[in-house]
Undergrad: 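First, the structure itself, so that you have it in front of you.
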Amino acid sequence: MAIPKGRFLYHGALACLFGHALAASAQQDPATPLGQAVEAAANNSALQTVTGDAVNQTCGELVPEYAQTSNPRLPPTSAEEALFFRCSDMVGTALGLLGQPGIGTDLGWSNEQLAEGMQQLTGEEQVSKGRLATEGSNGQFANIGMRLDAIRAGARATAGGLSLAYNGAPVAGGNAGDDGTGWGWFLNGAMGSGDRDATQREDDYDYDSYGATLGFDYQFESGLVAGFALGYHDYEVDFANVSSFQTGPQLTNTQAGGGFDTDGYALSGYAIGHVGRFYIDGLVSVGQSDIDSERIVRYNGSASGQGTGQNLVVDRSMRGSTDSDTYSLGVSTGTSFEMGWADLSLDLGVSYVDVSIDGYTEKDIARGNDTNEFSGLNLAYDDQDFDSLQSSLGFQLSRAYSVSSGVLLPYLNAAWRHEFENESSTMKARYAAQDSGQVFNLNVVTDDPDEDFYEVGLGLSAVFANNIQAFVDYRTTLDLDKVDAQLFTVGIRGSF
């Protein structure tokens, strides 16, 4: 039966008002009908339940504006009205699943499908930006660390700090340890890849990374070397498109895809000197990155649904652009030993990275069979800040071989890294369309960073005539929870 204009689901208004009444006591007892229905789903997550509460409470705030005036038989005339329709679908579905009085609109979903729907309505994909922005800075550190390795004649550098895809690859030879003074230069390029398995807080994704660093330094008569470098990095991240775990019609997705691209530059200064047999080096870097993202929201109502939720098609691309700023510094020290059959280098370092990401608002774009101008489901994100404080303890084994064209130096290295900033962080977002009533944030809590993990690498450095050096390096990480990462680096060095 058609629903008369001006009488949009009286019971629905009461149900949403129930959520509205709970809003005032949200801090003490945030349970709402939508949150309760999601919590009753098998294999639900805390993120889905919290999102259900926020959506229900947001719906309650919109009741006074739209419950008595909106016509659900017509397309929404504003983004906020569209948000009211979509949250009413969710609340109505929850009430039906809880056996409470219906509101005349629901999606015909199970509890499990409702939980997966909540996964679509929060922005958990965005928390990966901070992690990868941090790694971009570490990549610049690591590439300079390769140069410092050469300067100190094989002593392992760890001022590069924590990284998942960019790693310090020690290479020795050539002008390392020369007595003369003058200018030197280096150019490194890197290609990496990796993936992260899904958790209850963060989504499954894979990525490809690219980077390059060009630097120049000067060796003084005292032996001190100081220089500067310009680095570029690019991360291309794809979130998996994972079908629903539920049997029957595929009305929801566990993940709906999307991704983001991060590219930026960093300017760094570095120096290295010796105190007796020990080297001491320092590194400082500032960087800026541009981040373009896409978050997919996709779900369907079933034929058994009611009102605006019956056979509903939601297929949206939520796109956004923002910037990040990075400040990094690191110090390390170490020494080397000649053991006859090989050279052993030991090192100890500490690094700090601070990344701030500007807040932004997504742009809501229809896709596929979704013909609505608005969905109201795009999010506005607050500023984010991420910190990493890491220590590193590592070693390198290397041995030089003379050949007709120069010197070859194969090496093997490993490092244990410990993260002191090992607590999760919270990302705050809200529905950008909401202008009425109190705003309830979608608080997305990240996974705790790995406290301890290891890096293992091997490579080959070659020293040719005229003090030209080249190297290749491969590095991977071990004992990172849910993460697999590897990096291949090539470079060339010289002096003038």
Undergrad: For the side chain of Asp484 and the backbone of Asp195, is there at least one donor-acceptor N/O pair under 3.5 Å apart?
TA: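 It does not hold such a pair.
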Undergrad: Show, in sequence, the C-alpha distance, side-chain angles and deciding distance for Asp370 and Arg367, and conclude whether the salt bridge (charged side-chain N to carboxylate O under 4.0 Å, His left out) test is met.
TA: CA-CA 6 Å; Asp370 189 333; Arg367 301 178 353 135; over 6 Å; no
Undergrad: With rounding to the nearest 0.5 angstrom, report the CZ to CG distance, Phe186 to Leu214.
TA: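 If we round to the nearest 0.5 Å, Phe186:CZ and Leu214:CG are 7.5 Å apart.
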Undergrad: Are Asp358 and Thr322 linked by a side-chain donor-acceptor pair shorter than 3.5 Å?
TA: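 Result is no, nothing qualifies.
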Undergrad: Side chain to side chain contact (heavy atoms under 4.5 Å, CB included) for Phe84 and Ser436? Distances and angles first, verdict last.
TA: CA-CA 11 Å; Phe84 176 65; Ser436 305; over 6 Å; no
Undergrad: What do the steps show when you test Ser356 against Asp383 for side chain to side chain contact (heavy atoms under 4.5 Å, CB included), and what is the final call?
TA: CA-CA 7 Å; Ser356 59; Asp383 294 344; over 6 Å; no
Undergrad: Do the side chain of Gln48 and the main chain of Met118 share a donor and acceptor less than 3.5 angstrom apart?
TA: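 Checking the backbone N and O of Met118 against the side chain of Gln48, no donor-acceptor pair under 3.5 Å is found.
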Undergrad: Between CG of Leu62 and CG of Leu83, what distance do you get to the nearest 0.5 Å?
TA: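 Leu62 atom CG to Leu83 atom CG measures 5.5 Å (nearest 0.5 Å).
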Undergrad: For a 4.5 angstrom cut-off between non-hydrogen side-chain atoms, does Leu251 reach Leu107?
TA: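 No; the side chains remain at least 4.5 Å from each other.
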Undergrad: If I compare all heavy atoms of Tyr431 with all of Gly376, which pair ends up nearest, and what's the gap?
TA: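 For Tyr431 versus Gly376, the nearest heavy atoms are CD2-O, 3.9 Å.
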Undergrad: Determine, stepwise, if the pair Thr32 / Asp53 fulfils side-chain hydrogen bond (donor to acceptor under 3.5 Å, both in side chains).
TA: CA-CA 5 Å; Thr32 63; Asp53 287 330; 2.8 Å; yes
Undergrad: What's the verdict on side chain to side chain contact (heavy atoms under 4.5 Å, CB included) for Val350 and Val331, showing C-alpha distance, side-chain angles and the deciding distance?
TA: CA-CA 6 Å; Val350 62; Val331 294; 3.5 Å; yes
Undergrad: Do Thr426 and Asn443 have side-chain atoms, one donor and one acceptor, less than 3.5 Å apart?
TA: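 No.
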Undergrad: Give, for atom NZ of Lys428 and atom CG of Asn441, the distance between the pair rounded to the nearest 0.5 Å.
TA: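 If we round to the nearest 0.5 Å, Lys428:NZ and Asn441:CG are 6.0 Å apart.
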Undergrad: What is the minimum heavy-atom distance between Asn111 and Ala41, and which atoms define it?
TA: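 For Asn111 and Ala41, the tightest heavy-atom pair comes out as O-CB, 3.4 Å.
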Undergrad: Quick one: does Asp450's side chain have a donor or acceptor within less than 3.5 Å of a partner on Asp452's backbone?
TA: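 Side chain of Asp450 to backbone of Asp452, a donor-acceptor pair under 3.5 Å: no, none is there.
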Undergrad: Check Ala380 against Thr361 and note the closest heavy-atom contact, atom names and distance.
TA: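 Minimum heavy-atom separation between Ala380 and Thr361: CB-OG1, 3.6 Å.
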Undergrad: More than 12 heavy atoms of other residues, nucleotides or ligands under 6.0 Å from CD of Gln288: is that the case?
TA: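 Correct, the count exceeds 12.
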Undergrad: Using every non-hydrogen atom in the two residues, find where Thr58 and Phe440 come nearest and quote the distance to one decimal.
TA: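 Nearest heavy atoms, Thr58 then Phe440: N-CD1, 4.1 Å.
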Undergrad: When you measure from the side chain of Gln434 to the backbone N and O of Gln438, does any donor-acceptor pair fall under 3.5 Å?
TA: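 Side chain of Gln434 to backbone of Gln438: a pair is present.
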Undergrad: Taking side chain as C-beta onward, heavy atoms only, is His233 less than 4.5 Å from Thr262?
TA: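 Yes - at least one pair of side-chain heavy atoms lies under 4.5 Å apart.
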Undergrad: With a 3.5 Å cut-off and no angle check, do the side chains of Ser332 and Asp281 form a donor-acceptor pair?
TA: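 Yes, because at least one side-chain N or O of Ser332 sits under 3.5 Å from a partner of the opposite role on Asp281.
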Undergrad: Rounded to the nearest 0.5 Å, what separates atom CD1 in Ile296 from atom CZ in Phe239?
TA: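 Reported value, rounded in 0.5 Å steps: 11.5 Å.
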Undergrad: Could you check whether any side-chain heavy atom of Leu121 comes within less than 4.5 Å of a side-chain heavy atom of Leu377, counting everything from C-beta outward?
TA: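 Yes - at least one pair of side-chain heavy atoms lies under 4.5 Å apart.
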Undergrad: With a 4.5 Å limit on heavy-atom distance, are the side chains of Ser88 and Cys59 in contact?
TA: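 SC-SC contact between Ser88 and Cys59 confirmed.
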Undergrad: Hey, could you give me the CD/CG distance between Glu112 and Asn43, rounded to the nearest 0.5 Å?
TA: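 Between Glu112 CD and Asn43 CG, I get 8.0 Å after rounding to 0.5 Å.
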Undergrad: Could you tell me how the ring of Trp109 sits relative to the ring of Tyr299: parallel (under 30°), tilted (30 to 60°) or perpendicular (over 60°)?
TA: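 Taking Tyr299 first and then Trp109, their aromatic rings stand perpendicular (interplane angle over 60°).
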Undergrad: How close do Thr122 and Arg295 get, heavy atom to heavy atom, and via which atoms?
TA: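 Nearest heavy atoms, Thr122 then Arg295: O-NH1, 3.4 Å.
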Undergrad: Quick one: does Gln310's side chain have a donor or acceptor within less than 3.5 Å of a partner on Ala303's backbone?
TA: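 Judged by distance alone, yes, a pair lies under 3.5 Å.
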Undergrad: With heavy-atom distances below 4.5 Å as the criterion, would you say the side chains of Asp106 and Asp89 are in contact?
TA: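 Side-chain contact under 4.5 Å: no.
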Undergrad: For Leu34 versus Met90, what's the shortest heavy-atom pair and its separation?
TA: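 Residues Leu34 and Met90, closest heavy atoms: CD1-O, 3.6 Å.
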Undergrad: Please step through side chain to side chain contact (heavy atoms under 4.5 Å, CB included) for the pair Ser388 and Glu419, ending with a clear verdict.
TA: CA-CA 7 Å; Ser388 172; Glu419 175 62 65; 2.8 Å; yes
Undergrad: For side-chain hydrogen bond (donor to acceptor under 3.5 Å, both in side chains), just list the numbers for Tyr66 and Glu80, CA-CA rounded to whole Å, side-chain angles, deciding distance to a tenth of an Å, and then say yes or no.
TA: CA-CA 9 Å; Tyr66 296 101; Glu80 189 177 55; 2.6 Å; yes
Undergrad: Tell me whether the rings of Tyr232 and Tyr265 are parallel (<30°), tilted (30 to 60°) or perpendicular (>60°).
TA: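 Ring orientation of Tyr232 relative to Tyr265: tilted.
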Undergrad: Indicate whether any N or O donor in one side chain lies under 3.5 Å from an N or O acceptor in the other, for Asp208 and Ser193.
TA: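 Short answer, no.
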Undergrad: Consider only side-chain N and O atoms of Thr308 and Thr105, and report whether a donor and an acceptor are under 3.5 Å apart.
TA: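 The answer is yes; a qualifying pair exists.
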Undergrad: Measure the spacing between CD of Glu294 and CZ of Arg316 and express it to the nearest 0.5 Å.
TA: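 So the CD of Glu294 and the CZ of Arg316 are separated by 12.5 Å.
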Undergrad: Which word best sums up how the rings of His418 and Phe420 line up, parallel for under 30°, tilted for 30 to 60°, or perpendicular for over 60°?
TA: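 Rings of His418 and Phe420: perpendicular, over 60°.
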Undergrad: Taking the side chain as every heavy atom from C-beta outward, state whether Tyr381 and Glu362 have any atom pair closer than 4.5 Å.
TA: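 Yes, side chains in contact.
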Undergrad: Within the 3.5 Å criterion, strictly below it, is a donor on Gln390 or Ser351 matched to an acceptor on the partner's side chain?
TA: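 There is no such pair between these side chains.
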Undergrad: Any donor-acceptor pair under 3.5 Å linking the side-chain atoms of Arg475 with those of Asn413?
TA: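 Per modelled atom types, Asn413 and Arg475 side chains form a pair under 3.5 Å.
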Undergrad: Does Thr489 offer a backbone N or O that forms a donor-acceptor pair with the side chain of Asp473 under 3.5 Å?
TA: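 It does not hold such a pair.
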